[in-house]
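Atoms considered below: every heavy atom in the structure, side chains included; atoms not considered: hydrogens, waters and symmetry mates.
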Amino acid sequence: QVQLVESGGGLVQAGGSLRLSCVASGRTFGTYAMAWFRQAPGKDREFVATKNWNTRASYFSESATGRTTISTDNAKNTMYLQMNALKPEDTAVYYCAARSTGVPSFTAHEYDYWGQGTQVTVSS
């Protein structure tokens with residue numbers, strides 16, 4: 001069983017930055033694939049970023065590429081999402097997700113565990 005708790009969301013002006021955190025309990029990052037998704041009102045949950053802990057390759061959505069980094073602090077069982085140059089269209093609830101296989105996926109329904117989400121609001 002994995003429990004995920006996100007934090008770090010808030011209200012920020014366009015062009016600003018935020019760092020989201022996801023604390024995982026129950027398992028280590030080396031076992032589970034983890035990712036960030038987001039969901040805006042009236043829209044489907046969409047992929048933002050993930051990282052393959054074995055190859056260390058990171059993958060980002062087209063909208064996140066160039067503005068976003070994903071990292072972990074294994075000692076703290078925490079995954080981070082650093083978002084820069086934020087835009088109003090980045091406004092959404094951001095979720096941390098984990099899947100029991102070690103292979104990252106870009107598809108929300110392939111993840112087994114979800115956090116409660118953290119709201120990010122970007123004002124213009």
Side-chain angles (χ1 to χ4, degrees):
Q1 189 73 14
V2 174
Q3 294 80 42
L4 305 171
V5 179
E6 305 97 331
S7 62
L11 174 64
V12 63
Q13 288 188 330
S17 298
L18 280 175
R19 189 179 76 161
L20 307 183
S21 300
C22 172
V23 179
S25 59
R27 301 295 289 261
T28 66
F29 291 129
T31 302
Y32 280 65
M34 297 182 68
W36 288 97
F37 287 79
R38 70 184 185 184
Q39 189 166 20
K43 295 188 177 181
D44 293 334
R45 194 165 296 189
E46 64 175 5
F47 167 77
V48 176
T50 187
K51 186 170 184 175
N52 185 313
W53 311 127
N54 294 319
T55 67
R56 303 203 178 272
S58 297
Y59 303 92
F60 301 96
S61 66
E62 182 176 350
S63 64
T65 298
R67 305 187 292 128
T68 307
T69 57
I70 184 171
S71 62
T72 63
D73 183 334
N74 289 355
K76 297 181 179 180
N77 266 8
T78 301
M79 177 174 68
Y80 301 101
L81 185 72
Q82 176 71 43
M83 301 186 295
N84 303 318
L86 285 162
K87 306 174 183 179
E89 51 264 43
D90 293 319
T91 295
V93 178
Y94 283 71
Y95 295 92
C96 174
R99 65 188 303 229
S100 55
T101 73
V103 179
S105 169
F106 304 158
T107 306
H109 74 257
E110 293 185 350
Y111 284 81
D112 305 302
Y113 304 99
W114 293 86
Q116 83 289 349
T118 186
Q119 176 71 47
V120 171
T121 303
V122 184
S123 63
S124 57

Quick one: does [X]'s side chain have a donor or acceptor within less than 3.5 Å of a partner on [Y]'s backbone?
{"X": "Glu6", "Y": "Thr118", "answer": "no"}
{"X": "Gln116", "Y": "Val5", "answer": "no"}
{"X": "Tyr111", "Y": "Cys96", "answer": "no"}
{"X": "Asn77", "Y": "Ser25", "answer": "no"}
{"X": "Thr72", "Y": "Thr78", "answer": "no"}

Minimum heavy-atom distance [X]-[Y], with the two atoms named:
{"X": "Ala14", "Y": "Ser124", "value": "CB-CA, 4.3 Å"}
{"X": "Lys43", "Y": "Gln39", "value": "O-NE2, 3.1 Å"}
{"X": "Leu11", "Y": "Ser123", "value": "CD1-CB, 4.3 Å"}
{"X": "Ser105", "Y": "Arg99", "value": "CB-NH1, 3.7 Å"}
{"X": "Gly9", "Y": "Leu20", "value": "N-CD2, 3.6 Å"}
{"X": "Ala92", "Y": "Ala40", "value": "CB-N, 3.8 Å"}

Nearest 0.5 Å please: distance from the [atom1] atom of [X] over to the [atom2] atom of [Y].
{"X": "Ser21", "Y": "Lys76", "atom1": "OG", "atom2": "NZ", "value": "9.0 Å"}
{"X": "Gln1", "Y": "Asp112", "atom1": "CD", "atom2": "CG", "value": "10.0 Å"}
{"X": "Asp90", "Y": "Asn84", "atom1": "CG", "atom2": "CG", "value": "10.5 Å"}

Count I, L, V, M, F, W, Y as connected when their side-chain heavy atoms are under 4.5 Å apart, and connections chain through other members. Are [X] and [Y] then in the same cluster?
{"X": "Tyr95", "Y": "Phe60", "result": "no"}
{"X": "Trp36", "Y": "Val12", "result": "yes"}
{"X": "Val122", "Y": "Val93", "result": "no"}
{"X": "Phe37", "Y": "Met34", "result": "no"}

inquiry  = Can you tell me how the ring of Tyr32 sits relative to the ring of Tyr113, calling it parallel under 30°, perpendicular over 60° and tilted otherwise?
reply    = tilted

- Can you say whether the rings of Phe106 and Tyr59 are parallel (under 30°), tilted (30 to 60°) or perpendicular (over 60°)? tilted

Compare all side-chain heavy atoms of [X] with those of [Y] and state whether any distance is below 4.5 angstrom.
{"X": "Arg38", "Y": "Val120", "value": "no"}
{"X": "Gln119", "Y": "Thr91", "value": "yes"}
{"X": "Leu4", "Y": "Met79", "value": "no"}

